Amino acid sequence: MRVLLSTYGSRGDVEPLVGLAVRLRELGAEVRVCAPPDEDFAERLAGIGVSVVGVGQSARALTTAAPPPSGTNLPQRAAGLIASQFEVIPPVAEGCDLMVATGAMPAIAGARSVAEKLGIGCVSVIFQQLTLPSPQRPPLAYPGRPFPPEVTDNRALWELDARSIDALFGEALNTSRASIGLAPVVNVRDYAFGDRPWLATDPVLDPWLETPELDVVQTGAWVLPDERPLPAELVAFLEAGAPPVYVGFGSMAVRGGEEAARVAVEAVRAQGRRVLLGRGWAELGLIDDRDDCFAVGEVNHQQLFGRVAAVVHHGGAGTTTTAAGAGAPQVVVPQLADQPYWAARVAGLGIGAAHDGPTPTFESLSAALGEALTPATAARAKEVALTIRTDGTAVAAELLLDTAPAAPTAGATDAAPLSREQISAIAHADHPIKSPLADESVGRLLESGLPRGDERVLDLGCGTAEWLLRALATRPHLHAEGVDVSEVSLTSARRAADELEVGDRLLLHQQEAAAFTSSQPFDLVISVGAAHAFGGLLPTLAAAREHLAPGGRVLIGESFWDRAPSPEAVEMFGELADLATTVDSVVAAGWTPVQGHVSTRAELDAYEWACWGSLAAWALDHPDDPAAAQVLETATAARSDWLRVYRDSFGFVCLVLRRTS
């Protein structure tokens, strides 16, 4: 597969694509990149063996240009960028199977238009959630286009946001679209994001609260493990004394860089700390020749931030995530756009301080440093670091190759058949436990498996983590981990955990359950309906045993034949044992049942009716959806199989087990 990664923006828009490119190539994909023609971007991508085709003018030149962005010059700048994309991207995208579009709003809309013209599937990716419409918060206002102060309803503000974006970028976009024979777009924002935008941010730092109008996939932040060594001179400085405070503003052209450096150095020194300046686009430099201060250019922040006392920065999504992952306390001095949001998240999580405004003074920065350099903040930063996901690029790469979307259009288009996973999600909408169990039965089984309420729980093959969510919701001292191969299911689980406010006690891993390892044992291991992942019931128990703490319990669910099955049923489910034989085999393997539940006829019927009824209802409720006929056909066939093939013979048992000796 050939994948084109297209972006326009600062280092924070380019760096995530570096990580994604590496993962995609590891999976056998050919990767091409279109990005701003800045030398440092080209060098970064060349370091991983990927060449870049420049689009538009230098991002650094645009960022440092005067005057700054305004309602007057934004449309002209956007028009130039979009025109450049329509000129540059088509030959690069020729022969590609998929495009990833990210960066500034007009850049995403322009790239998607090229993908539409070429018939290439396209995924829109955002590195902060503030531009995604949500009734739970207001939008950011564009320069020169403030919202009326009397409008306070979030939904109304998002409507105004859509009009503002159309006014700023609509004419330029539609002029370029018309030049290649595409119909005009009537809502630039909605077109740019598409039906299913991706949010490439860490769910702890940037929790997405589900919005009915928008199906967002949160992959985790795209961070490539950086193996580059630190320069010898920098290592010598770090080893010459106590950990310094790092001060850098990345690709932000902070006004008055010399004064900003002076304020920063003096404020850090006042805390009794050494100073490490990151030059960046603000060109911060040394203010004197004292040996307690050192300046660096482009370095490995992942390694560096683990060796500093605190990180003072602008609040870009990438820097915030890197510092959080390194366990470094932060002081965020936000300059513009989404940066005040990241500053608030850092302060809200207790891992640093949010500076009030973009221009620090000695007094204001000293106060923020005083808060960030406390032992409590340092301890909290290290605690949160353990929850920061490191698999975002792997998740995104696999999801891209597994679920390549259809090409974007300005209007309706034919859709590909729904996948098995999508069918399952619809079928289990009204029965999320995904097993023939009533809620009361689930509750009793969890009570037997979790007698204390402060246990560590693992679910192997957790799906949407419904068992774990129910356990966490009623046990405030419980901690849980889930393992599943489906990113779609895990994304759903994370959203539900955030809504229940238990996300800080739930850790999810996207991988094969049979390959999962953990350095710490668990008091309860759950595997209900997932024996196929291990090759059967007894191999599942053997795998569970490897994760079990002394005296721990296993909650397992397994199918059995309640009556002699028909040949058709055996062909459908395989060679199952009867209930007595199933339990005997468990006992013979060294386990003792301490509780159990055999699904009743009412539970079995309720489960089947819920699944196939949900599918049928969805099809009838969405008659104009291209997948409606497929879904209704699936529901009809499955209901017929249940009633005619296995209803009278199929059984299901859950057992709570302990090791016999």
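All values reported here derive from a predicted model rather than from experimental measurement. In what follows, residues are counted from 1 in the order of the sequence shown.
- R189 forms no cation-pi arrangement with F169, by the criterion of a distance under 6.0 Å to the ring centre and an angle within 45° of the ring axis.
- For residues 496-509, the set of pairs meeting the side-chain hydrogen bond (donor to acceptor under 3.5 Å, both in side chains) definition, not counting sequence neighbours, comprises E481-H509.
- Taken to the nearest 0.5 Å, the CG atom of L500 stands 10.0 Å off from the CG atom of L506.
- Using modelled atom types, one finds no donor on one side chain facing an acceptor on the other under 3.5 Å when comparing R345 with T320.
- Taking the centre and axis of the six-membered ring of F294, the NZ or CZ atom of R274 falls outside the cone set by 45° and 6.0 Å.
- Of the possible donor and acceptor atoms, one in the side chain of R389 sits under 3.5 Å from a partner among the backbone N and O of T219.
- A perpendicular orientation is assigned to the rings of W198 and W222, their planes being inclined by more than 60° (bins at 30° and 60°).
- Between the side chains of T377 and E371, no donor-acceptor pair of N or O atoms lies under 3.5 Å.
- For Y246 and H301, the distance between ring centers is under 6.0 angstrom.
- Listed by chain and residue number, nothing satisfies the salt bridge (charged side-chain N to carboxylate O under 4.0 Å, His left out) test with D153 (two or more places apart in sequence, or in another chain).
- For F147, there are no ring pair (Phe, Tyr, Trp, His ring centres under 6.0 Å) partners, not counting sequence neighbours.
- Checking R137 against Y341 by side-chain atom types alone, no donor-acceptor pair falls below 3.5 Å.
- Using modelled atom types, no side-chain atom of N300 and backbone atom of P229 make a donor-acceptor pair closer than 3.5 Å.
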Verdict with reasoning, I351 to Q330, per side-chain contact (heavy atoms from CB on, under 4.5 Å): CA-CA 6 Å; I351 60 175; Q330 304 179 49; 3.8 Å; yes

